[in-house]
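Quick notes on the structure that follows.
The analysis underlying the following values was restricted to heavy atoms, covering all of them including side chains, and did not include hydrogens, waters or symmetry mates.
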Amino acid sequence: MKKLLIICDLFPPAFGPRMGYLCKYLKGTGWEPFVLTEKINDSTFRLLKDVCPVRALPYYPAGGGLAGRLVRMALLLLSVAGFKDFIFRREADRLCARAGFDLILCSTYRSFPLGVAAAAARKFGLPWIADLRDIVEQYTGLEFIATKLPQFVADKFTPQLRDRFIAARNRALQSASCVTTVSAFHVSTLRPYSPGICLIYNGYDPELFKPRTSTSDKFVITYTGRLLSRAMRDPSLLFAAIRMLAAENLLSPDTCRVDWYTDPDSWADIDAAAQDAGVRPYMENKGYVPAEQIPDVLAASSVVLLLANKESATGPRGVVTTKVFEAMAMERPILCVRSDESTIAALLADSRCGTAASGPVEACNFLRLHYRHWLRHGYTCVEPYRPFIESFSRQKQAHEFARIFDEVVGRDDSLS
């Protein structure tokens, strides 16, 4: 059994389903994972809590109050100076010296902890692989920073922050044996900095996301996830379509509802936009729910909503989230607004599960079609192309990862 050290910024039960599902399905591939990550007080993915051994290091202290905020701000500044990397490098060195790993895999969305993985690999003579589930270039602004910055800071320092993270990432990638990432845009962006790059999309857990038909007394449109920003994810076409169908006397708040499973900040933006669009009576705030509830939420949906925006040089690029594949696996009608006119649009077309609308008429036509089916039958359905959907199974993707691990380790052994 070969040993794999995964160093990542996030891991379940907090966020990080890509690595969580990988560890779940590496069983039987000949690879035994151990995870080093930062301890985050979140349990959204508690269903993946015990998939493998994990060493979670606390960095930012829990608790509120002025003292806690000051400590966290001081630690944030120290992390910029390299203190956080130092703590994680020390622990990675201890683990590598004790466990005898064959390979290091580092998964992140920005730059930390790529430098930790690169340093540990260099010190112990190990190959390492970088997995980029997101990259700074895909965002329109500062959406890649979880902490909301004051507007004057964002206005003044956005270019410098972007450049800093990109430079640190690219510097680390040059020593990686391979890079895996999640869309064609990410591949083309990262290719100049890596000797080898492989595309492995996000996907769905086949044990959890299984199609089933559910009747409902209302036509329910469902969104799960954050808004990030209107530049990244814009619901305005949905609101326009609802207004059009209401003007036809087809939809009303008595028969149609839009459920938002989202965080408070996102809901505040959605609520304000819905008020401005005159469709607020259709909206209902459900709040965030744990990941294990998502299959039931999707199964009860008449239409699953995806929010996106058209790809452009300054707009969102290459964003293909896990929720796309999970909705496809549940075989729900999927409406994406606004169409990215790229990968998401192609996935929905190839899976035969939905449409990505570039204008209100397209969104309106899609909703009208499925609403009329719901009126007749009490449920909605699609005619999916299952072989295409099944190619995004997390179980199959774990075997793709394992094949890459074997190739990298074999290549490294031949050079020794």
Check this for me: does any side-chain nitrogen of one of [X] and [Y] sit under 4.0 Å from a carboxylate oxygen of the other?
X	Y	answer
Arg411	Glu407	no
Asp9	Arg110	no
Lys218	Glu284	no
Glu91	Arg94	yes

Nearest 0.5 angstrom please: [X] [atom1] to [Y] [atom2], how far?
X	Y	atom1	atom2	result
Leu173	Cys178	CG	SG	10.5 Å
Arg212	Arg332	CZ	CZ	10.0 Å
Arg226	Leu307	CZ	CG	13.0 Å
Thr222	Lys323	OG1	NZ	13.0 Å
Leu335	Leu367	CG	CG	5.5 Å
Ile6	Phe11	CD1	CZ	6.0 Å

Keeping [X] on the side-chain end and [Y] on the backbone end, is there a donor-acceptor pair under 3.5 Å?
X	Y	value
Asp340	Thr343	yes
Ser391	Phe388	yes
Trp374	Ser216	yes
Glu292	Arg46	no
Ser183	Gly318	yes
Asn202	Val320	yes
Asp102	Lys3	yes

Do [X] and [Y] make a side-chain contact, defined as non-hydrogen atoms from C-beta onward lying under 4.5 Å apart?
X	Y	value
Ile334	Met328	yes
Cys353	Ile389	yes
Phe219	Val303	yes

Check each of Asp134, Thr180, Asp131 against Arg18 using the side-chain hydrogen bond (donor to acceptor under 3.5 Å, both in side chains) test, and report the only one that passes.
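Of all the options given, the one that passes is Asp131.
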
Can you check side chain to side chain contact (heavy atoms under 4.5 Å, CB included) on Ser342 and Arg317, steps first, answer last?
CA-CA 9 Å; Ser342 183; Arg317 292 175 289 178; over 6 Å; no

Is NZ or CZ of Lys84 both nearer than 6.0 Å to the six-membered ring centre of Phe112 and within 45° of the ring axis?
yes

Check whether NZ of the Lys or CZ of the Arg Arg394 lies under 6.0 Å from the centre of the six-membered ring of Tyr25 and within 45 degrees of that ring's axis.
no

Closest non-hydrogen atom pair, Trp31 against Ala402:
NE1-O, 3.8 Å

